[in-house]
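Have a look at the structure below before the remarks.
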Amino acid sequence: MPVASPETYLANLNPAQREAVLHTEGPLLVIAGAGSGKTRVLTHRVAHLISALGVKPNEILAITFTNKAAGEMRERLTSMLGPVARAIWILTFHSACGRILRAEAERLGYRSNFTIYDSADQVRLVKQCLEELDKDPKRFVPRGIHAQISNAKNLLLTPALYAERVASFYDQTVAEVYALYQKRLHDSNAVDFDDMLMLTVEVLERFPEARARWQKAFRYVLVDEYQDTNHAQYRFLQILGEHHHNVCAVGDPDQSIYAFRGADIRNILEFERDFPETRTIALEQNYRSTNAILESANAVIARNSERKEKRLWSELGDGDPVRVVEVEDENAEARYVASQIAALVEEGYSGSEIAIFYRMNAQSRQIEQTLRLSQIDYQVIGGPRFYERAEVKDAIAYLQVLDNPTDAISLLRIANRPRRAIGDTTLSRLIAYAEAHGISLHAALGHPEEAGLAKPAVKAVTGLKNLLDSLRSAAQELEVPELIQEVLDRTGTVEAYEAERTIEARGRIENLEAFVDGAREYQQQAQEPTLGSYLQEISLFSAQDELDDVEVSNVTLMTIHNAKGLEFRAVFIVGVEEEIFPSSRSIEEQGIEEERRLFYVGITRAEERLVLTHASSRLLWGRTTHNLPSRFLDELPSGQVERERLRAASWRNYGTPAQTRDLQPKTDHPALSTGDSVRHGTLGEGVVTRLEAGGLVTVRFAADGSERKLMLDYAPLEKIA
DNA sequence: GGTAGCACCAAAAGC
DNA sequence: TGGTGCTACC
């Protein structure tokens, strides 16, 4: 059994890391630069508390943002400490608040089996509230209103507080909708993600007994990625830390890239003020990247003013210069990246050690297409999440209704799925009836005639009610996986998809099978498997945790936001252009510093090679745009950067305009070697000065003595005697 | 009550 | 360009 002893685990740490581990009493702020070993600090600190100081595992609360991070931390601690690691509270903000809130829900008039609405549910509920209040859906877009409500909750503004601060007519409407939205949630015994934090803080603030209980429970609180906390999360930590004062926050202000979802960088910048007598430690030694990469990162981020001074360095040498490459358009960009990846693979890189980052998902398509043509295996991170897929959500909604009949949103979702002739008219009559008699929608299903439904509708609704009743009694006896199977069978869901006979429907059935498999896994590993706890668990679960089976040889494509926390030997960042990166909206909305941090995050993912590309023209959203190179490229230090302009396709402009569009790679290129004389379609004659893997050739042209880098696949080159 | 077709619009994404 | 949400029809 692995038992960590201080001698062994402290020897693995550099002085700053060691100090962060040993400074256990009082507030601690660890400014952890990219690649500086902050996970190591967090895990060693927890191990130290337990094995050297005798702190009980359940007195430690370690908070992360994602389930993935929590899982990784638990895994590492289990290998250091053995089974005691099980008892440590290693949770996301939401799951930690979920636990506390479930224990205290009655104080706020909720039952402890409350349903958690995901973002789609939330928007649907807002939409319903807007309709109920008879607001013009053109002026008040559900998405936008929901964003306002979410912001308000992140700032701990309850409907009443929000109403006090109304500053415009629009706000006035938001306030009205917010109040109704919150009432509807409460009626359904449901909370949204933001409520989990806001209501937990509310309970802790309003009820001293509850506050005292939880404050005393956690002698040591640790938070990862502190720069991403919003106000509610900050307040939550502040309250929990009031008794023991042992709050340890780890983060990096330079990697704060989530302001758009409520993160407030001031939390980390002002930690020392908010938590008096804080000890601050900066981790600046980087174990990931070469200095060419780190100095580029340092130079860029130094332009920001909202930060704490910090300079990354490493012992890994200068390494290859960072390359900035200008290409003609998005196709040339994709081809260039593909050729470079081929070259890296020839050099011995595995595809899984290479990543392509972009600012927005829309950029991935071109790249994917070219990678396919080049037969480079890749995987795209992002896209629709497993539990948010319609068929899975439907199945979950059934389970929610069985567990919590008052949950109106879930009931409305499944009322007519699969089709059973219960349409909008029927549902609105039922809703009106429920409203008028002060009963839940579910209860109204029992009074279809009184609700004024026509014969066929009465029959359909009664059928639904009977179905739900019998499933509910099945739920008493069956274990979760069997119950799900029962739901799928009895509702005819699978049958309905099979009848569609489309590939898409086949995929949906497979997803449902995967869903049942997931429930089996839960059934096996849960300590006390119940429908309720299963639902609580999966509603806080995201795709990342599920699909961990990364193909070993695949190149990874993702947005830079998704890349946070990851590292690759070689990184390509494409589309480093004004309007794209920085994005046009960030320029308008004064978000340049955050955008620069995002660039910084992208740069610091690279271990050995970093290539930044920008195109002089680009087809985006059906329009050709001409973007300038990103201002961030001008901020790179000249010493460590190599700039190139790739003119592979420039001959298009001279050649036959009619067929310039569909360029096919040439299958037979001339066999060239250094020193050969060549002729280029437009640039004339020259001499090959360099050949690189991946079909790149450098030619010095006789006409002007210039050297051009060309792609053999596309350049009109022929060998001359 | 269901669906085909057509406007419309457009970062980033955790729980 | 491509996905989505609503109107007009069957």
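Every heavy atom of this structure was used, including side-chain atoms; hydrogens, water molecules and symmetry mates were not. Each chain gets a letter, A, B and so on, in the order the sequences are listed, and its residues count up from 1.
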*Establish, with yes or no, whether the OP1 or OP2 oxygen of dG1(B) is under 4.0 angstrom from a side-chain nitrogen or oxygen of N416(A).*
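So the side-chain polar atoms of N416(A) never come under 4.0 Å of the phosphate oxygens OP1 or OP2 of dG1(B).
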
*Within the pair N562(A) and dA12(B), is there a side-chain N or O less than 4.0 Å away from OP1 or OP2?*
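It does not, given that no N or O in the side chain of N562(A) lies less than 4.0 Å from OP1 or OP2 of dA12(B).
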
*Using a 4.0 Å cut-off on protein heavy atoms (strictly under), produce a 5'-to-3' string for nucleotides 3-8 of chain B with B for base contact, S for backbone-only sugar-phosphate contact, and - for none.*
S-----

*Could you say whether the aromatic ring of F193(A) and the base of dG14(B) stack, counting only centre distances under 5.5 Å and plane angles under 30°?*
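Taking the rule of under 5.5 Å and under 30°, the ring of F193(A) does not stack on dG14(B).
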
*Hey, does F260(A) reach any base, or is it just sugar-phosphate, or nothing, if we go heavy atoms under 4.0 Å?*
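F260(A): base contact, heavy atoms under 4.0 Å.
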
*Which part of the nucleic acid, if any, lies within contact of S584(A), taking any heavy atom under 4.0 Å across all strands shown: a base, the sugar-phosphate backbone alone, or nothing?*
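Nothing, no nucleic acid heavy atom in range.
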
_Taking the ring of Y226(A) and the ring of Y234(A), is the distance between their centroids below 6.0 Å?_
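Between Y234(A) and Y226(A), the centre distance exceeds or equals 6.0 Å.
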
*Kindly point out which of dG1(B), dG14(B), dA13(B) is positioned nearest to the side chain of T66(A)?*
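In terms of side-chain proximity for T66(A), the closest of dG1(B), dG14(B), dA13(B) is dG14(B).
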
*Considering only dA12(B), dA10(B), dC15(B), which nucleotide approaches the side chain of H94(A) most closely?*
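Looking only at side-chain atoms, H94(A) lies closest to dC15(B).
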
*First-last contacting nucleotides on DNA chain C - partner chain A, under 4.0 angstrom, heavy atom*: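 In short, chain A contacts DNA chain C from dT1(C) to dC6(C).
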
*Which residue, T426(A) or T559(A), contacts DNA chain B at a nucleotide closer to its 5' end, judged by nearest heavy atom?*
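The residue whose closest nucleotide sits nearer the 5' end is T426(A).
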
*Partner of H561(A) by ring-ring contact (aromatic ring centres under 6.0 Å, His included), out of F599(A), F357(A), Y358(A), Y258(A)*: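 When ring-ring contact (aromatic ring centres under 6.0 Å, His included) is applied between H561(A) and each of F599(A), F357(A), Y358(A), Y258(A), only Y258(A) qualifies.
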
